[in-house]
**Student:** 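Here it is: the structure, laid out below.
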2 protein chains.
Amino acid sequence: MDLEQLADALKALADPTRLKMVSLLNIRDCCICELVPLFGISQPAVSKHMSRLKTAGLVHETRKGMWVFYALDKERLAGIGLSLAHLPDMSGELRRLERQGLLVQCL
Amino acid sequence: MDLEQLADALKALADPTRLKMVSLLNIRDCCICELVPLFGISQPAVSKHMSRLKTAGLVHETRKGMWVFYALDKERLAGIGLSLAHLPDMSGELRRLERQGLLVQCL
DNA sequence: GTACATTATAATTATATGGTTATGTCCGGT
DNA sequence: ACCGGACATAACCATATAATTATAATGTAC
């Protein structure tokens, strides 16, 4: 996962409301109408948050009659955590700086 | 770490520029003047990004003569990754919904 | 087809974010 | 003391974000 994509995924998670939603979906799938009373916000607001999580690949939706159930993609979530633990190697960038004589030497 | 704090920490990371900065600091400590030529942005912009990371507890600074070197707090970064893997248990919220008869039953 | 329940989209608004330029602060060298 | 380099802060601007209300779209039941 490149840094642009990782930043997008983190942006989707970087909101207390969505983090709580993800934590709930970690227990079991939920539909919008169950989430609304748990948060102090309107139904469209909940819907938009789920849409954001869906775009980030963190949840998947399934229609069941009138309801749309959302399920957490646990592998995707774990993948984001792992990406933080395995950031790309930027040694090349530092070598490039060195070639240009821009590295600061002190001590 | 509660969800508000976790969201704040994730916000600090949820930017491609800052993610790249963190990746660089993962190799070695850097000062602002080294970072500026690596990003296409002004010195104050770099400074503000580092300030954001500092507020989130992700980096620490040390003055060395004219320069201010920034060091990545690797434990803090790892802690954020782990928090994603161990989200709080929200079973209580769901039980509360059930008591109120708001859980959707289908199939 | 009508009526109702659930969810999604549109339009709007207030605040947050990320960039800029200009200026202030701190340190080292002469 | 003064000047110049490195960094931080301030003021400003454009865009993104998260909420709202109003309205459309979808599905069930009669």
Side-chain angles (χ1 to χ4, degrees), chain A residues 3-4 7-22 24-25 29-56 58-71 97 101-107, chain B residues 3-4 7-22 24-25 29-56 58-71 97 101-107:
Chain A
L3 291 181
E4 291 274 350
D8 283 341
L10 290 173
K11 263 184 212 152
L13 286 171
D15 175 89
T17 300
R18 285 193 295 272
L19 269 183
K20 188 174 172 187
M21 288 172 171
V22 166
L24 281 162
L25 296 179
D29 300 356
C30 294
C31 58
I32 301 289
C33 66
E34 291 176 320
L35 296 176
V36 169
L38 290 178
F39 299 84
I41 59 177
S42 63
Q43 171 268 318
V46 173
S47 187
K48 269 182 57 178
H49 279 301
M50 293 308 296
S51 171
R52 193 97 158 64
L53 290 172
K54 190 174 61 171
T55 300
L58 277 159
V59 303
H60 302 119
E61 64 181 56
T62 315
R63 239 192 199 277
K64 289 189 185 173
M66 286 187 296
W67 305 280
V68 177
F69 276 79
Y70 286 90
L97 268 193
L102 296 174
L103 274 191
V104 169
Q105 306 293 347
C106 56
L107 278 204
Chain B
L3 290 182
E4 291 274 351
D8 282 341
L10 290 174
K11 262 183 212 155
L13 286 171
D15 176 88
T17 300
R18 285 194 293 272
L19 270 183
K20 188 173 172 187
M21 288 172 172
V22 166
L24 280 161
L25 296 179
D29 300 356
C30 293
C31 57
I32 301 289
C33 68
E34 291 174 321
L35 296 176
V36 169
L38 290 177
F39 299 85
I41 59 178
S42 64
Q43 171 266 315
V46 173
S47 190
K48 269 181 52 177
H49 280 301
M50 292 308 295
S51 172
R52 194 97 156 66
L53 290 173
K54 190 174 61 170
T55 299
L58 278 159
V59 303
H60 302 119
E61 63 181 57
T62 315
R63 260 218 115 90
K64 290 188 182 174
M66 286 187 296
W67 306 280
V68 177
F69 276 78
Y70 286 90
L97 268 192
L102 295 173
L103 274 192
V104 169
Q105 306 293 350
C106 55
L107 277 203

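Labels below follow one simple rule: chain letters A, B, ... track the order of the sequence lines, proteins then strands, and each chain is numbered from 1.
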**Student:** Take the protein atom CD of E34(A) and the nucleotide atom C1' of dT7(C), then report the distance between them rounded to whole Å.
**Tutor:** 14 Å
**Student:** From CZ of R18(B) over to C1' of dG19(C), roughly how many Å is that when rounded to an integer?
**Tutor:** 12 Å
**Student:** Using a cut-off of strictly less than 4.0 Å between a heavy atom of the residue and any atom of DNA chain C, enumerate the qualifying residues of residues 37-50 of chain A by number.
**Tutor:** Q43(A), P44(A), S47(A)
**Student:** In whole angstrom, what separates M66(B)'s CE from dT30(C)'s C1'?
**Tutor:** 14 Å
**Student:** dT17(C) C1' sits how many Å from L10(A) CG, rounded?
**Tutor:** 16 Å
**Student:** Would you say R63(B) reaches dC7(D)'s phosphate, i.e. side-chain N/O to OP1/OP2 under 4.0 Å?
**Tutor:** no
**Student:** Calculate the interatomic distance between K54(B) atom NZ and dT9(D) atom C1'; express it in whole Å.
**Tutor:** 12 Å
**Student:** Measure the distance from CD on E61(B) to C1' on dC27(C) and round it to the nearest whole Å.
**Tutor:** 15 Å
**Student:** Just to verify, what does K48(A) make a side chain to side chain donor-acceptor pair (under 3.5 Å) with, not counting sequence neighbours?
**Tutor:** none
**Student:** OP1, OP2 of dA6(D) versus side-chain N and O of Y70(B): anything below 4.0 Å?
**Tutor:** no
**Student:** Check this one for me: any side-chain N or O of R52(A) less than 4.0 Å away from OP1 or OP2 of dT17(D)?
**Tutor:** yes
**Student:** Provide, to the nearest angstrom, the distance between the CG atom belonging to L35(A) and the C1' atom belonging to dT7(C).
**Tutor:** 12 Å
**Student:** Rounded off to whole Å, could you give me the CZ-to-C1' distance for the F69(B) and dC27(C) pair?
**Tutor:** 14 Å
